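Both counts, for ligands and for their atoms, begin at 1 and track the order of listing. The structure presented is a predicted model; accordingly, all values stated were derived computationally and were not measured.
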Amino acid sequence: MKQILWFRRDLRIEDNAILAHAQGEVFPLFIFDQNILEKLDAKDKRVTFIYQSVLNLKKELQKIGLNLAIFYDKPEAVFQRLKEKFDEILCSIDHDNYAKVRDKNIEKIIPLKRFNDAFLIDPQEHLNKSHLPYKVFTPFYNSLFYLWESHKIKTLSPANNLQLHDFNYEHVPSLEAMGLKKQILPEFLEQKAEVLLEKFTSKLTAYQKERDFFSLDASTKLSVHLRFGLLSAKQFFNALRPYQASEAVIRQLFFREFYNYLLYHFPHSQFENQKPLKIKFLNNQEDFKKWCQGETGVPIVDAGMRHLNQTGLMHNRLRMVVSSYLTKNLLIDWRWGEAYFAKKLLDYEASSNIASWQWASSTGSDSVPYFRIFNPYLQSEKFDKEGIFIKSVLTELSQLDPKLFHKENGVQSNLFINYPSQIVSIKMSRLRAIEAFKQAKSKP
Ligand SMILES: Cc1cc2nc3c(=O)[nH]c(=O)nc-3n(C[C@H](O)[C@H](O)[C@H](O)COP(=O)(O)OP(=O)(O)OC[C@H]3O[C@@H](n4cnc5c(N)ncnc54)[C@H](O)[C@@H]3O)c2cc1C
């Protein structure tokens with residue numbers, strides 16, 4: 001058997017399904033997909049992270065007698081060239097829309113064997129008593145209780161006796177040759193997933209209480225590693241499960257599972273409201289631009305968005321605040337916000353992003369009720385009382401009394417500070433959103 005091991009979002013050696021199921025002569029490869037790269041900004045931070053991770057993977061594979069061929073091409077073109085030499089391709093499943101279409105086309109060239117690798121569960125196998133997919137998180141979560149009963153979920157080791165196929169492809173394309181510029185990444189991304197996990201264990205008991213505070217650094221910071229498979233969901237679960245206080249953080253991992261499950265069972269939710277609502281969004285282009293640039297006149301929203309633009313990162317609660325502000329206060333379609341996050345987030349994961357945006361805009365099947373709208377000023381008062389996070393990003397406000405950040409037009413009342421005016425009043429826009437959602441609900 002001659003197999004291609006197509007690494008995609010599984011850039012690791014341990015607990016890697018394709019390495020574990022491989023047999024005989026193998027040819028591991030990674031493709032920097034031109035179809036994807038040509039749509040990205042030259043300064044996309046994710047590609048720098050993937051690039052470094054792929055080079056590390058190459059070294060790790062060499063340690064176990066294998067290697068990694070690195071292509072910069074369209075996947076179809078690569079496999080057309082290899083089809084005479086290989087019997088099948090092993091790869092991990094990806095449920096996002098582009099990946100599904102791509103894989104269907106590749107299958108016509110060389111047979112494809114897919115493995116559930118990026119998630120704990122296979123979405124096909126977990127249905128409710130009526131054999132239908134769960135639509136609500138809690139029963140879904142409860143149905144996975146069996147995973148807690150054992151202390152460990154079995155992980156996989158690379159198969160023994162693999163032989164490297166003699167097809168020689170040593171060229172490694174540079175980032176520049178792919179039209180990209182190397183970016184500076186947040187410092188924690190230079191660290192291995194195991195190191196971050198280890199550091200997090202000392203913060204585990206405080207996680208539940210502290211995770212919502214913007215400047216406390218209380219969460220795992222592992223979403224990027226999980227996204228590109230430098231750590232598997234099983235490894236995450238196994239490492240934290242033995243600790244008594246692990247339920248809160250593992251619950252979050254199960255949200256990741258749930259959102260992947262929803263996208264698998266309801267693929268139309270990538271493009272449409274999961275609830276049949278016809279909301280009359282205002283979709284004002286100018287307002288959207290201000291939101292993207294962090295110039296809404298609401299300090300916590302602006303700090304969140306400017307931080308995202310600079311670093312590719314955003315705290316979970318901030319994501320909730322800025323998405324609520326966009327879809328409710330500004331009445332802008334969640335798909336616009338989803339697409340902007342898709343461009344900017346280092347941890348962008350279609351399933352988590354789409355479901356979270358539908359949750360925030362009350363259009364998903366398991367969403368916050370439409371009348372529950374975050375007041376951004378109350379959120380900043382609660383989770384950034386001293387304004388530490390806001391001041392760290394909006395440095396022009398660093399001398400101000402933080403109390404001003406938590407009041408409508410508080411900052412604007414200081415005539416010496418040049419800060420944008422609010423786009424909308426929070427009270428008026430809240431009532432406007434409730435009315436728009438009521439109208440949408442009452443339509444048949
Ligand atoms: C509007 C919006 C968009 C989002 N888009 C994404 C996205 O594109 N990619 C992404 O990975 N997460 C997304 N999230 C979820 C969440 O914000 C991030 O996973 C989290 O901030 C990552 O930080 P962490 O690794 O320190 O998380 P931790 O709190 O340490 O959680 C551990 C892991 O659980 C998963 N997780 C945590 N919270 C959630 C959640 N609410 N939903 C799904 N999975 C979760 C992540 O994989 C995370 O690494 C989004 C949330 C919102 C409200």
min-distance protein heavy atom vs atom 16 (C) of ligand 1 -> Asn316 OD1, 3.3 Å

Is it possible for you to check whether Arg317 lies under 6.0 Å from the centre of the six-membered ring of Phe214, through NZ or CZ, and within 45° of that ring's axis? no

Starting from atom 51 (C) of ligand 1, what is the nearest protein heavy atom, named by residue and atom, and what distance separates them? Ser356 OG, 3.5 Å

Flag the pair Phe281 / Trp336 as yes when their ring centroid distance falls below 6.0 Å, and as no otherwise. no

Taking 4.0 angstrom as the limit and counting only heavy atoms of Tyr207, give me the atoms of ligand 1 inside it, by number and element. 28 (P), 29 (O), 31 (O)

Tell me whether the rings of Tyr146 and His126 are parallel (<30°), tilted (30 to 60°) or perpendicular (>60°). parallel

The atoms of ligand 1 lying under 4.0 Å from a heavy atom of Arg256, numbered in the order shown, are 43 (C), 44 (N), 47 (O)

Shortest protein contact, atom 19 (O) of ligand 1 (heavy atom only): Ser223 CB, 4.1 Å

Could you tell me whether some N/O pair between His315 and ligand 1 is separated by less than 3.5 angstrom? no

Checking contacts here: is it the side chain or the backbone of Trp359 that comes within 4.0 Å of ligand 1, counting heavy atoms only? Could be both or neither. neither

Hey, does Asp347 come in under 3.5 Å of ligand 1, counting only N/O atoms on both sides? yes

Looking at ligand 1, would Arg227 count as a contact under a 4.0 Å heavy-atom criterion? no

Which heavy atom of the protein is the closest neighbour of atom 8 (O) of ligand 1, given with residue, atom name and distance? Glu349 N, 3.0 Å

Looking at ligand 1, would Phe200 count as a contact under a 4.0 Å heavy-atom criterion? no

Are Phe258 and Tyr134 an aromatic pair by the rule of ring centers under 6.0 Å? no

Is it the case that the side chain of Lys45 and the backbone of Gln310 share a donor-acceptor pair, with hydrogens and angles ignored and the cut-off at 3.5 Å? yes

Which atoms of ligand 1 have any heavy atom of Tyr348 under 4.0 Å away? 8 (O)

Below 4.0 angstrom from a heavy atom of Phe236, which ligand 1 atoms are there? Numbered from 1 as shown, please. 32 (C)

If you have a sec, work out which protein heavy atom is nearest atom 26 (O) of ligand 1 and how many Å separate them, to one decimal? Ser219 OG, 2.5 Å

Please could you name the atoms of ligand 1 that Leu253 approaches to less than 4.0 Å, counting only its heavy atoms? 34 (O)

For the residue pair Phe137 and Phe255, is the inter-centroid distance of their aromatic rings smaller than 6.0 Å? yes

Look at Arg335 together with Glu338 and state whether they make a salt bridge at an N to O cut-off of under 4.0 Å. no

Using a 4.0 Å heavy-atom cut-off, which part of Leu345 comes near ligand 1: side chain, backbone, both, or neither? side chain

Which atoms of ligand 1 are found less than 4.0 Å from any heavy atom of Leu226? 47 (O), 49 (O)

For Glu408 and Gln422, test the side chains for any donor-to-acceptor distance below 3.5 angstrom and give the result as yes or no. yes

Starting from atom 24 (P) of ligand 1, what is the nearest protein heavy atom, named by residue and atom, and what distance separates them? Lys221 N, 3.6 Å

Counting only heavy atoms, tell me which of Val322, Asn353, Leu231 gets closest to atom 4 (C) of ligand 1. Asn353

Counting each atom of ligand 1 from 1 as listed, which ones have a heavy atom of Leu222 under 4.0 Å away? 25 (O), 49 (O)

When you compare the side chains of Tyr340 and Asn309, does any donor N or O come within less than 3.5 Å of an acceptor on the partner? yes

Tell me if the centroids of the rings in Phe389 and His307 come within less than 6.0 Å of each other. yes

Tell me, which protein residue and heavy-atom name are nearest atom 37 (C) of ligand 1, and how many Å apart are they? Gln252 CB, 3.5 Å

Verify the ring-centre separation between His225 and Phe49: is it less than 6.0 angstrom? yes

Taking both backbone and side-chain atoms of Phe341, is any N or O found less than 3.5 Å from an N or O belonging to ligand 1? no

Would Lys58 pass as a cation-pi partner of Phe7, given that its NZ or CZ must be under 6.0 Å from the six-membered ring centre and within 45 degrees of the axis? no

Main-chain N/O of Gly229 paired with Arg12 side-chain donor or acceptor, under 3.5 Å: yes

Return a yes/no value for Arg319: is any of its N or O atoms, backbone included, closer than 3.5 angstrom to an N or O of ligand 1? yes

Is there a heavy atom in Phe258 that sits closer than 4.0 Å to ligand 1? no

Distance-only polar pair, side chains of Asp15 and Ser232, donor-acceptor under 3.5 Å: yes

Under 3.5 Å between some N or O of ligand 1 and some N or O of Thr220? yes

Looking only at the side chains, is there a donor atom on one of Gln191 and Lys199 sitting less than 3.5 Å from an acceptor on the other? yes

Using a strict 4.0 Å cut-off to heavy atoms of Tyr259, name the atoms of ligand 1 that fall inside it. 42 (N), 43 (C)

